[in-house]
Amino acid sequence: MKNILALCFMVLAFAVGCGDKKGATAPDCTATGTACVDGADGCCTGFCEELTGTCARVPGTCLMADDSCSVGPDCCSLSCVDFKCSGDQCTSDTESCDSDGECCSGICSDDSCAPLNATCRTAGNTCAANAECCSGLCKDNGNGVLTCNNSPSFCTQVGDTCVSDVECCGGLCTIADGQSLGTCGVVPSSGATGCTTTGEVCGNGADYDPATQELPTCGGECCSRACFPYGPTGVLVCQPPSGCRPTGELCNEDSDCCGGPGQPDNDVSNVMCQKAEGFNVGRCDNGNSCSPAGAICRLQSVSCNANANCCAGNVLQYNSCLQDALGIPRCAVDACKFGDPGCDLGDCDVAGKAGMACASSADCCGLPCIAVPGSESFVCSATCQMTGASCTTNTDCCSGLPCVIPGGATAGTCGADGGCAEYGQQCDANNPCCNDLPCSNGLCQGIIL
């Protein structure tokens, strides 16, 4: 991907120093952002991202002091000196330094750490409030010091520190020539709207309190219309919608998008994954006709700023816009305009839906709508998905299991038990919701509309 090869030790074939004044030797592990086969292949982070085949950092995890590393974000301290994680927190912007690896920015210039981003404080820098940080999260680092945290979500926020495209919520990591670290951005796309992509902080972000605050009306600024708490942190982020990806979301292929090849209504909507020249990741466009199954729409009973012209029939005439398992209003499959009882999520034949083609869980009576391996299509699953099984969003996975999705991908796999139920998953006394999210009628949920 674009900019992945910007790591200086790769370009210079592990030349001595690699921009560090002390002249370090090469790391004894495969650098973050470089090619790999699997985690056992020697990635410093222990994780080989399958979609791009590169070593990557898993948000929320980090390496301890003296572990081998390639760049600061590999480490819990965000400081990688002489290819070993430092036990000391990285040095904040404008403070004195002796080497690049000491600095949170990865840049030691004229004996002081130079900012990586001039408009907000990048990961590891000291802070006093969430708003100061590019990540939107200012958190105690465990030593009583408030620093900008790089993991409010499952991907890195726009403007914050990155090493490769795949870790960024917006699919783009821009690294200046000669530097080891860059900042995240959003891939350019001519056919997408200005909505906020999956994984980005939304609404009140880290300031959200489930005990006193409602969720953003109509899903806020998110392309998915799903600004909900991220389980591990409680920060409001744009959640991945179930099934195919609606307008504005990142994509790799046309078939990732609602109305794309292999998806319902492709013959009339012809939605494409719009990519700028030279980019491997793009964003789903609006298509050229009615809104296809899976697209964001307005409900008959609640008017949000969304299209009423579903291909299954205009929402004002037919019950063609239904809420999926996350509560997101989605255009339903064509049968809904004929009054099929199966289109009523409150009264439908769940058993009869398993194995049927779908665009989102709204077509499955709330059951998971999962990708068919080796195919462009999605089908309704009879049960929740276990660890290692296919998923498109957390609600596809059984309670406590997060859906781990590579950057820009439509589908991922259910991860290991996180100890609490994610938004939209089943909850009870034995399966509490993450971060005090309310458990209502057996589901972790808040006020959606």
Side-chain angles (χ1 to χ4, degrees), residues 1-4 6-7 31-34 43-45 47-49 51-52 54-63 69-80 90 104-106 115-117 119-125 127 130-139 141 147-176 179-187 196-202 205-206 222-223 230-233 235-240 249-250 279-281 283 402 404-409 412:
M1 283 185 151
K2 189 177 178 70
N3 295 322
I4 285 179
L7 293 174
T32 303
T34 56
C43 293
C44 296
T45 59
F47 175 64
C48 181
E49 204 282 312
L51 183 68
T52 60
T54 57
C55 290
R57 178 181 65 86
V58 180
T61 65
C62 53
L63 302 175
C69 56
S70 60
V71 286
D74 291 346
C75 309
C76 298
S77 64
L78 284 99
S79 176
C80 179
C90 63
C104 300
S105 64
L116 191 61
N117 190 326
T119 60
C120 57
R121 299 179 73 78
T122 53
N125 278 282
C127 56
N130 293 324
E132 295 179 5
C133 302
C134 302
S135 66
L137 179 59
C138 179
K139 185 178 179 181
N141 64 5
T147 60
C148 292
N149 187 278
N150 62 354
S151 299
S153 178
F154 47 83
C155 52
T156 304
Q157 302 299 300
V158 169
D160 209 359
T161 309
C162 60
V163 181
S164 63
D165 293 336
V166 72
E167 66 190 270
C168 298
C169 299
L172 176 64
C173 178
T174 302
I175 304 176
Q179 301 299 334
S180 60
L181 302 178
T183 56
C184 286
V186 180
V187 291
T196 303
T197 56
T198 290
E200 284 287 340
V201 171
C202 56
C222 300
C223 300
Y230 175 51
T233 64
V235 176
L236 292 186
V237 304
C238 294
Q239 299 284 342
E249 293 289 8
L250 297 190
F279 288 82
N280 294 321
V281 175
R283 300 179 74 181
V404 182
I405 303 177

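Numbers here simply count residues along the sequence, with the first being 1. On a predicted model such as this, the values are computed, not experimentally measured, just so you know.
N150 and S135 form no side-chain donor-acceptor contact under 3.5 Å, judged by distance and modelled atom types alone.
Looking at residues two or more places apart in sequence or on another chain, you find a side chain to side chain contact (heavy atoms under 4.5 Å, CB included) between S153 and C155, Q157, V237. Shown here are the side chain to side chain donor-acceptor pair (under 3.5 Å) partners of D160, two or more places apart in sequence or in another chain: there are none. Remark: T198 pairs with E249 by the side chain to side chain donor-acceptor pair (under 3.5 Å) rule, at least two apart or across chains. Partners of C162 by side chain to side chain contact (heavy atoms under 4.5 Å, CB included), not counting sequence neighbours, listed by chain and number: E167, C168, C173, C184. With sequence neighbours left out, C202 forms a side chain to side chain contact (heavy atoms under 4.5 Å, CB included) with E221, C222, C227, L236, C238. Not counting sequence neighbours, the partners of T122 by the side chain to side chain donor-acceptor pair (under 3.5 Å) test are N125. Remark: S151 engages R57, P59, N149 in a side chain to side chain contact (heavy atoms under 4.5 Å, CB included) (not counting sequence neighbours).
At least one donor-acceptor pair under 3.5 Å links the side chain of N130 to the backbone N or O of C138.
Under the 4.5 Å side-chain criterion, counting only non-hydrogen atoms from C-beta, L181 is in contact with V71. Counting heavy atoms from C-beta on, the side chains of V187 and L250 come closer than 4.5 Å. Counting heavy atoms from C-beta outward, F279 and L172 have side chains that approach closer than 4.5 Å. Annotation: side chain of P240 is in contact with side chain of F154 (closest heavy-atom distance under 4.5 Å). With a 4.5 Å cut-off on side-chain heavy atoms, C133 and C127 count as touching.
Pairing each heavy atom of S164 with each of G33, the nearest pair is CB-CA, 4.2 Å. In plain terms, the two heavy atoms of G136 and A206 that are nearest each other are O-CB, 3.4 Å.
Sulfur atoms SG of C44 and C55 are positioned 2.5 Å or more apart. In this structure, C62 and C75 have their SG atoms no less than 2.5 Å from one another.
For the atom pair D165 CG and T156 OG1, the distance stands at 11.5 Å (nearest 0.5 Å). Rounding to the nearest 0.5 angstrom, the gap separating the OG atom in S105 from the CG atom in L78 is 11.0 Å. Separating the CG atom in L63 from the SG atom in C76 is a distance of 7.0 Å, to the nearest 0.5 Å.
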| Full working for disulfide (SG to SG under 2.5 Å) between C134 and C120 | CA-CA 5 Å; C134 302; C120 57; 2.0 Å; yes

| task | Assess whether side chain to side chain contact (heavy atoms under 4.5 Å, CB included) is satisfied between V186 and R283, documenting all intermediate values. | result | CA-CA 10 Å; V186 180; R283 300 179 74 181; 3.8 Å; yes

| request: Could you check S70 against T32 for side chain to side chain contact (heavy atoms under 4.5 Å, CB included), going step by step and ending with a plain yes or no? | output: CA-CA 6 Å; S70 60; T32 303; 3.4 Å; yes

